[in-house]
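Taking it in order: structure first as structure tokens, then the write-up.
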Amino acid sequence: MEKNNMSKKIMFNDNHRLTEAVLNRTKTMTRRVEKIVSSTKSFDKIFEIEGGFDDKGNWVFTLYDSNMEIIGDIIPRYSIGEILSIAQSYKDIIKYSSELKNTILDNNGSPKKEYMAGYTNKMFVKPELMLHHIQIIDMKLERLQNISNEDCLREGIWTYDDSKLYYYINKKGFVSGFDSPKEAFSSLINDVSGKHTWESNPLVVVYTFKLID
């Protein structure tokens with residue numbers, strides 16, 4: 001695998017230990033809201049969705065109204081087969097690589113100027129320096145609330161071994177006591193993406209992935 005050729009990274013929420021869940025192979029799916037590319041500011045209710053390649057070889061979801069007129073397109077930010085770097089702060093990754101530690105820190109043990117921004121904020125790290133990667137193996141477009149109970153468990157929802165209750169984790173600890181995976185996921189997505197995200201029921205691109213290192 002040519003890590004130096006990677007130009008994209010993907011971030012998972014650390015307050016909810018989702019990066020950890022990916023690295024533990026318990027999270028294998030992520031839902032992301034993508035913008036609709038349209039020539040009009042208003043359009044009718046989406047009646048049908050079709051997926052296919054455009055003339056540039058990019059996968060596109062095309063949205064149609066009830067008259068089968070094109071409303072607009074959603075172009076996913078990632079592609080099937082694409083390898084993405086899992087973003088982690090430099091402070092985290094130098095614990096596991098002496099080579100990176102020597103690259104990122106100066107002789108006094110402080111981050112060098114070019115790595116200062118990404119030392120504690122993974123938004124600013126370089127994809128080619130990351131230690132772990134995922135590969136997108138499938139994707140689909142659906143409304144957020146159409147998630148299945150099975151997919152909720154692939155998104156970071158947990159269950160107790162000795163009960164039928166479900167939970168997730170946030171920065172304060174366990175958020176538990178949910179009667180179904182979907183009930184737990186609706187609370188998780190509102191925590192991660194903002195209040196009322198679940199209720200607004202946006203179109204999301206569903207990416208299925210595998211951890212490759």
Side-chain angles (χ1 to χ4, degrees), residues 8-22 25-38 40-52 58-66 70-80 82 84 86-87 123 134-159 164-172 174-211:
K8 290 184 183 179
K9 62 189 176 189
I10 185 168
M11 293 191 290
F12 297 98
N13 190 291
D14 288 330
N15 285 336
H16 295 77
R17 292 170 60 177
L18 296 181
T19 302
E20 179 182 334
V22 172
R25 291 184 167 85
T26 53
K27 179 175 171 64
T28 59
M29 185 175 280
T30 185
R31 282 158 168 76
R32 308 280 167 130
V33 176
E34 310 282 17
K35 292 182 179 180
I36 297 176
V37 180
S38 177
T40 179
K41 293 183 179 180
S42 62
F43 44 79
D44 296 330
K45 185 177 180 180
I46 297 168
F47 181 75
E48 188 170 321
I49 300 170
E50 291 184 356
N58 299 313
W59 187 265
V60 176
F61 292 104
T62 302
L63 314 177
Y64 296 88
D65 62 17
S66 58
I70 295 177
I71 294 173
D73 296 321
I74 291 181
I75 304 174
R77 71 189 77 182
Y78 308 125
S79 303
I80 294 176
E82 189 170 12
L84 306 170
I86 300 173
M123 183 178 293
I134 60 170
Q135 184 173 33
I136 304 298
I137 58 176
D138 197 11
M139 62 183 176
K140 60 183 177 180
L141 185 71
E142 67 180 20
R143 289 287 182 184
L144 181 62
Q145 292 181 13
N146 288 344
I147 188 173
S148 66
N149 282 326
E150 180 183 9
D151 281 0
C152 289
L153 298 176
R154 301 174 70 185
E155 277 274 10
I157 298 302
W158 302 75
T159 183
K164 294 182 179 180
L165 294 178
Y166 298 88
Y167 70 95
Y168 64 92
I169 303 168
N170 67 14
K171 59 184 178 181
K172 295 181 180 180
F174 295 98
V175 181
S176 60
F178 298 98
D179 293 326
S180 71
K182 187 173 286 191
E183 185 181 349
F185 178 77
S186 67
S187 182
L188 169 64
I189 199 68
N190 283 342
D191 273 3
V192 172
S193 300
K195 192 175 181 181
H196 305 308
T197 299
W198 176 259
E199 290 76 12
S200 67
N201 198 24
L203 276 171
V204 291
V205 177
V206 183
Y207 297 98
T208 301
F209 58 84
K210 64 178 180 180
L211 182 70

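Positions are given from 1, in the same order as the sequence printed here.
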Kindly compute the distance separating [atom1] ([X]) from [atom2] ([Y]), expressed to the nearest 0.5 Å.
{"X": "Lys35", "Y": "Arg77", "atom1": "NZ", "atom2": "CZ", "result": "10.0 Å"}
{"X": "Thr62", "Y": "Ile46", "atom1": "OG1", "atom2": "CD1", "result": "11.5 Å"}
{"X": "Ile70", "Y": "Glu50", "atom1": "CD1", "atom2": "CD", "result": "9.0 Å"}
{"X": "Tyr207", "Y": "Thr28", "atom1": "OH", "atom2": "OG1", "result": "15.5 Å"}

Do other residues, nucleotides or ligands put more than 12 heavy atoms under 6.0 Å from the CD atom of Glu150?
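Open: at most 12 neighbouring heavy atoms sit under 6.0 Å from CD of Glu150.
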Output yes when a side-chain donor or acceptor of [X] lies under 3.5 Å from a complementary backbone atom of [Y], and no otherwise.
{"X": "Ser180", "Y": "Glu183", "answer": "yes"}
{"X": "Arg154", "Y": "Met29", "answer": "no"}
{"X": "Lys9", "Y": "Met123", "answer": "yes"}
{"X": "Thr159", "Y": "Leu165", "answer": "yes"}
{"X": "Gln145", "Y": "Trp198", "answer": "yes"}

Heavy-atom closest pair, residues [X] and [Y]:
{"X": "Ile71", "Y": "Lys45", "result": "CD1-O, 4.0 Å"}
{"X": "Lys140", "Y": "Asp151", "result": "NZ-OD2, 3.7 Å"}
{"X": "Arg143", "Y": "Asn201", "result": "NH1-O, 3.1 Å"}
{"X": "Ser66", "Y": "Phe47", "result": "N-CB, 3.5 Å"}
{"X": "Ile136", "Y": "Ser79", "result": "CB-O, 3.3 Å"}
{"X": "Arg31", "Y": "Glu142", "result": "NH2-OE2, 3.0 Å"}

Might you work through the salt bridge (Lys or Arg N to Asp or Glu O under 4.0 Å) test for Asp191 and Lys172, ending with a clear yes or no?
CA-CA 12 Å; Asp191 273 3; Lys172 295 181 180 180; over 6 Å; no
Could you please spell out the steps behind the side chain to side chain contact (heavy atoms under 4.5 Å, CB included) verdict for Tyr167 and Val175?
CA-CA 6 Å; Tyr167 70 95; Val175 181; 5.9 Å; no
Hey, are the side chains of [X] and [Y] touching, using non-hydrogen atoms and a 4.5 Å cut-off?
{"X": "Glu155", "Y": "Lys27", "value": "yes"}
{"X": "Glu34", "Y": "Ile75", "value": "no"}
{"X": "Leu203", "Y": "Ile49", "value": "yes"}
{"X": "Phe185", "Y": "Ile147", "value": "yes"}
{"X": "Asn190", "Y": "Glu199", "value": "yes"}
{"X": "Trp158", "Y": "Thr26", "value": "yes"}
{"X": "Tyr168", "Y": "Phe178", "value": "yes"}
{"X": "Thr30", "Y": "Val22", "value": "no"}

Could you walk me through whether Ile10 and Tyr78 pass the side chain to side chain contact (heavy atoms under 4.5 Å, CB included) check?
CA-CA 10 Å; Ile10 185 168; Tyr78 308 125; 3.7 Å; yes
Set out, in order, the CA-CA distance, both residues' side-chain angles and the distance that settles side chain to side chain contact (heavy atoms under 4.5 Å, CB included) for Ile169 and His16, then state yes or no.
CA-CA 5 Å; Ile169 303 168; His16 295 77; 5.6 Å; no
Report the relative orientation of the aromatic rings in Phe209 and Phe12; use parallel for angles under 30°, tilted for 30 to 60°, perpendicular for over 60°.
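Phe209 and Phe12: tilted rings.
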Trace of the side chain to side chain contact (heavy atoms under 4.5 Å, CB included) decision for Leu211 with Ile86
CA-CA 10 Å; Leu211 182 70; Ile86 300 173; 3.8 Å; yes
